[in-house]
Amino acid sequence: VQLQASGGGLVQAGGSLRLSCAASDLSFDDAAIGWFRQAPGKEREGVACIRLRDESTHYADSVKDRFTTSSDNAKNTVYLQMNNLKPEDTAVYYCATTRYSSRWFLMGLDSFLADWWGQGTLVTVSS
């Protein structure tokens, strides 16, 4: 399985960015793609996830109503639309996948429950 995240950049507070995560060789019936972020000096935290077979989603409280994750299964790509960005959203964003979506949907967006990781993409929000 390979994941490649892209779309990071510099944006002013209140602005928007869309991240993409292209997945390959992902053929598990219950797979989910998750978005995580890690700010300097902080632990990696889960942001959102989407179950690929039915597009169910789950969000961390800190991004609910501002971030939306979606999938385009024909393109094997998952997106994270980030609106109303805040300086505290500044972090390296990663996409990851788990073979069993229940891990994240029932137990929470724990990075230790991921099976594979993509490289990160830096999002910087200026005030």
Side-chain angles (χ1 to χ4, degrees):
V1 174
Q2 291 187 327
L3 303 171
Q4 182 150 357
S6 61
L10 174 64
V11 64
Q12 288 188 329
S16 299
L17 277 177
R18 188 178 79 159
L19 305 183
S20 300
C21 177
S24 61
D25 300 321
L26 186 60
S27 58
F28 303 101
D29 291 342
D30 195 34
I33 297 283
W35 292 96
F36 295 80
R37 65 186 182 186
Q38 188 164 21
K42 294 189 176 181
E43 293 186 355
R44 191 171 296 188
E45 66 167 334
V47 172
C49 65
I50 183 167
R51 181 163 48 213
L52 298 179
R53 60 179 167 85
D54 63 5
E55 300 185 25
S56 295
T57 57
H58 175 66
Y59 297 93
D61 288 342
S62 59
V63 305
K64 206 170 288 185
D65 299 327
R66 298 190 298 123
F67 290 11
T68 301
T69 188
S70 61
S71 66
D72 183 338
N73 290 339
K75 295 182 179 179
N76 294 323
T77 300
V78 167
Y79 303 98
L80 182 68
Q81 178 67 43
M82 306 184 294
N83 298 328
N84 190 21
L85 282 161
K86 304 176 181 180
E88 52 263 43
D89 294 318
T90 295
V92 177
Y93 283 72
Y94 300 87
C95 60
T97 187
T98 176
R99 290 167 289 174
Y100 309 107
S101 64
S102 59
R103 290 175 175 174
W104 286 334
F105 280 82
L106 297 180
M107 292 186 279
L109 281 160
D110 191 327
S111 62
F112 290 101
L113 299 176
D115 291 315
W116 292 279
W117 289 88
Q119 90 293 354
T121 185
L122 177 62
V123 172
T124 304
V125 184
S126 62
S127 57

Quick one: side-chain contact (heavy atoms from CB on, under 4.5 Å) partners of [X], sequence neighbours excluded?
X: S70; result: Y79
X: A96; result: F36, W104, A114, W117
X: D65; result: none
X: S126; result: L10, Q12

Nearest non-hydrogen partners of [X] and [Y], listed with the distance:
X: L109; Y: A60; value: CD1-N, 4.4 Å
X: N73; Y: S71; value: OD1-OG, 3.6 Å
X: T121; Y: A5; value: CG2-CB, 4.3 Å

Exercise. Can you list the residues that meet the disulfide bond (SG atoms under 2.5 Å apart) rule with C49, with sequence neighbours excluded?
Worked result: none

Side-chain donor/acceptor of [X] to backbone N/O of [Y], under 3.5 Å:
X: R66; Y: S62; value: yes
X: Q4; Y: Q119; value: no
X: D30; Y: S101; value: yes

Exercise. Among all residues two or more places apart in sequence or in another chain, which pass the salt bridge (charged side-chain N to carboxylate O under 4.0 Å, His left out) test with K86?
Worked result: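 Residues passing salt bridge (charged side-chain N to carboxylate O under 4.0 Å, His left out) with K86: none at all.
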
Problem set entry | Flag if over 12 foreign heavy atoms under 6.0 Å of NZ, K75 |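 No, NZ of K75 has 12 or fewer neighbouring heavy atoms, counting only those of other groups under 6.0 Å.
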
Problem set entry | Enclosure of Q2 CD (heavy-atom neighbours >12, cutoff 6.0 Å) | no

Exercise. Would R53 and D29 pass as an ion pair if we require N to O under 4.0 Å?
Worked result: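 Not counted as a salt bridge, because no side-chain N and carboxylate O are separated by less than 4.0 Å.
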
Problem set entry | Co-members of F28 in a cluster of I, L, V, M, F, W and Y side chains, linked at under 4.5 Å | V1, L3, V11, L17, L19, L26, I33, W35, V47, I50, L52, Y59, V63, F67, V78, L80, M82, L85, Y93, W116, V123, V125

For this session: Could you identify which residues cluster with Y100, counting Ile, Leu, Val, Met, Phe, Trp and Tyr as linked when any side-chain heavy atoms lie under 4.5 Å apart, either directly or through a chain of such contacts?
Result: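 In the cluster with Y100 there is nothing else; it is isolated.
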
Problem set entry | Rounded distance [0.5 Å steps], NE2 in H58 versus CG in L106 | 9.5 Å

Problem set entry | Non-neighbouring partners of N84 that pass side chain to side chain donor-acceptor pair (under 3.5 Å), sequence neighbours left out |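 Expected list: none.
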
For this session: Any chance you could lay out the side-chain contact (heavy atoms from CB on, under 4.5 Å) test for T98 and L113, step after step, and finish with the verdict?
Result: CA-CA 7 Å; T98 176; L113 299 176; 5.5 Å; no

Exercise. Which residue pairs pass the disulfide bond (SG atoms under 2.5 Å apart) test when at least one of the two sits in residues 69-127, sequence neighbours left out?
Worked result: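 Listed once each, the pairs are C21-C95.
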
Exercise. Does anything in residues 38-49 pair up under side chain to side chain donor-acceptor pair (under 3.5 Å), and if so which pairs, sequence neighbours excluded?
Worked result: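 The answer is R37-E45, Q38-R44.
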
For this session: Please list, chain by chain and in numerical order, all residues satisfying ring pair (Phe, Tyr, Trp, His ring centres under 6.0 Å) with Y94, sequence neighbours excluded.
Result: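 Y94: no ring pair (Phe, Tyr, Trp, His ring centres under 6.0 Å) contacts found.
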
